[in-house]
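For reference, the structure is listed below as structure tokens.
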Protein chains: 2
Amino acid sequence: MVARRRNNPLALAVLVCLYERPMHPYEVATTLRQRHKDESVRLNYGSLYSVVGSLEKRGLIETSEVERAGRLPERTVYRITDAGRLEAHDWLAELLARPLKEYPAFEAALSFLPALPPDEAVALLNERALELESGLARDAYGLLELVERRGLPRLFLVEAEYAVKMREAELDYVKQLIAEIASGELGGLEWWRTIHTADMADPPLPSGAPWTQPLDQPVAQAKGSNA
Amino acid sequence: MVARRRNNPLALAVLVCLYERPMHPYEVATTLRQRHKDESVRLNYGSLYSVVGSLEKRGLIETSEVERAGRLPERTVYRITDAGRLEAHDWLAELLARPLKEYPAFEAALSFLPALPPDEAVALLNERALELESGLARDAYGLLELVERRGLPRLFLVEAEYAVKMREAELDYVKQLIAEIASGELGGLEWWRTIHTADMADPPLPSGAPWTQPLDQPVAQAKGSNA
DNA sequence: GGTCAGATACTCGATCCAAAGTATCACGTT
DNA sequence: AACGTGATACTTTGGATCGAGTATCTGACC
């Protein structure tokens, strides 16, 4: 019954836009883009229209009018309802106050790190560090440009500042990890090296050896290799 | 034709598991859970079986045997193919070396920050800071426990270390932001306050006033930031 | 005055995925 | 001996998602 229960932040973006004034979906999209919100909220038309439909079904927005210019497709203008205002407020408050578990791709990749030989891992991490650095330079330049060239108050850039900080932190961690592998300081390195010695040639991952150890089972336990 | 082209990291997890030895999907799931990989990779059965099906269709894994114990459902055991080994390697390398644009929920929320009154925003951010702090304490304890109680090498915890670092950085930013709002230091604060003065009562967001300003349009400008 | 890029406005269909469901077994409890 | 609980192993369902597609209009340029 409860369609799309607070999963896609694009729905929040729509609500907040309509809070400002009634719009048709396409106008919401262009507004979000103009304000660079499409950098923080995944925006594409398919999702937009489906999200709008579900908001209407839930009574959070309603049709205000249907226009048509020439023979272009109709524009359905929506306005927010009281329920919608409430939902927008509560949802935003929730997103701000409660950290949400997410699954960044790099975290997943790190969890499979032992599957690659240490040397290759270091090379790849170095590449990442370089890309992070250049990306950071670009982003920082973009921010400065907005603040200085036009006098855009920082209030409207907090999300970008946050993103920059997070990338800086990631870069820090990547560098530290590289250093600890290179210096042999990282616990488990010997094991890591040995399982990648026999087959330097073709097979990029070591077969037979576990790519990571079970984190449980301090004692040898007969878990279910049920054959 | 190319089904599910490197979107769901669960597929990589399956490949890496099967690199170790042939398994049936359910066993992959329990293995991942035992190794706490379900903290870094979103894991649920629906996705697991559909991902496995698509890997088979793409020739990256193949059926090794079909078992049955009693009247329980059949277990289809899969093994990885050479193509699968290659794909696993390349995919993992790509994830490690290239930062991927993602859309954290908190970044989205920050981009709508001006929609809430400053006081409420500060209160909510404070709540977040508290939750981040207690979460961090819990996580750090968990790590220490694994390292000390059982002698688990840090190599198998890099993804968790990364997650902790990221949260620390987030906490830093949240604290800094709170301070800058409280001290009146943040650019745009006056405007933020004024648009939230008339209606302290019911409407939690100010209608009529733009919740954030267009970032473009001082001069008609050629786009600028392409991602 | 023709054409061609780009904006306008939405639609479609093919995947993708999360959550719940199904059915069996295993084990301990009362 | 009936019951409950949790593990085993996979299926089903229907919504969510995304990229591409359609068709029109606008304006710039030569």
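Chain identifiers are assigned alphabetically (A, B, ...) following the order of the sequence lines, protein sequences preceding nucleic acid strands; residue numbering begins at 1 within each chain.
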Answer with yes or no after comparing the ring centroid distance for W192(B) and F156(A) against a 6.0 Å cut-off, counting only values under it. no
If you round to the nearest 0.5 Å, how far is CD of E159(B) from CG of L157(B)? 6.5 Å
Nearest whole Å is fine: how far is dG15(D) P from L55(A) CG? 16 Å
Across all chains, not counting sequence neighbours, the salt bridge (charged side-chain N to carboxylate O under 4.0 Å, His left out) partners of E56(B) are none
Pairs of donor and acceptor atoms involving the side chains of residues 69-81 of chain A, under 3.5 Å and at least two apart or interchain, shall be tabulated with distances.
from: R75(A); atom 1: NE; to: E67(A); atom 2: OE1; distance (Å): 3.4
from: R75(A); atom 1: NH2; to: E67(A); atom 2: OE1; distance (Å): 3.1
from: R79(A); atom 1: NE; to: E62(A); atom 2: OE2; distance (Å): 3.0
from: T81(A); atom 1: OG1; to: G59(A); atom 2: O; distance (Å): 2.8
from: T81(A); atom 1: OG1; to: L60(A); atom 2: O; distance (Å): 3.0
from: T81(A); atom 1: OG1; to: A83(A); atom 2: N; distance (Å): 3.4
from: T81(A); atom 1: OG1; to: G84(A); atom 2: N; distance (Å): 3.1

Would you tell me if any nitrogen or oxygen in the side chain of S47(B) comes within less than 4.0 Å of OP1 or OP2 on dA18(C)? yes
Base, sugar-phosphate or nothing for E74(B)? Non-hydrogen atoms, less than 4.0 Å. sugar-phosphate
Whole-Å distance separating the NZ atom of K101(A) from the P atom of dA18(C): 14 Å
Does a side-chain N or O from N44(B) land closer than 4.0 Å to OP1 or OP2 of dC17(C), or not? no
Which residues pass the salt bridge (charged side-chain N to carboxylate O under 4.0 Å, His left out) test with E168(B), not counting sequence neighbours? none
When the distance from OH of Y45(B) to C1' of dC16(C) is rounded to whole Å, what number comes out? 19 Å
Has R75(B) got a side-chain N or O lying under 4.0 Å from the OP1 or OP2 atom of dC10(D)? no
Using whole Å, report how far CG of L48(A) lies from P of dG19(D). 14 Å
Sort me out a list of protein N/O and nucleotides 23-27 of chain D N/O pairs below 3.5 Å, or just none if empty.
from: dC25(D); atom 1: OP1; to: R71(A); atom 2: N; distance (Å): 2.7

By nearest atom, which of the nucleotides dT17(D), dT8(D), dA20(C) is closest to the S50(A) side chain? dT17(D)
Could you work out, with side-chain contact (heavy atoms from CB on, under 4.5 Å) as the rule, every residue matching A108(B), not counting sequence neighbours? P9(A), V41(A)
Separation of dT8(D) atom P from Y49(B) atom OH, nearest Å, is 11 Å
Measure from the side-chain heavy atoms of H24(A) and tell me the nearest of dC16(C), dA9(C), dA16(D). dA9(C)
In whole angstroms, the gap separating P of dC18(D) from CG of N7(A) amounts to 11 Å
Kindly point out which of dT17(D), dA18(C), dT8(D) is positioned nearest to the side chain of R42(B)? dA18(C)
Run the salt bridge (charged side-chain N to carboxylate O under 4.0 Å, His left out) test against E39(B) and tell me which residues pass, sequence neighbours left out. none
For R6(A) and dA19(C), what is the distance between atoms CZ and C1' respectively, to the nearest whole Å? 19 Å
Roughly, in whole Å, what's the span from CD in E102(A) to P in dA18(C)? 13 Å
For dT8(C) and Y26(A) - does any side-chain N or O of the residue sit under 4.0 Å from the phosphate oxygens OP1/OP2? yes
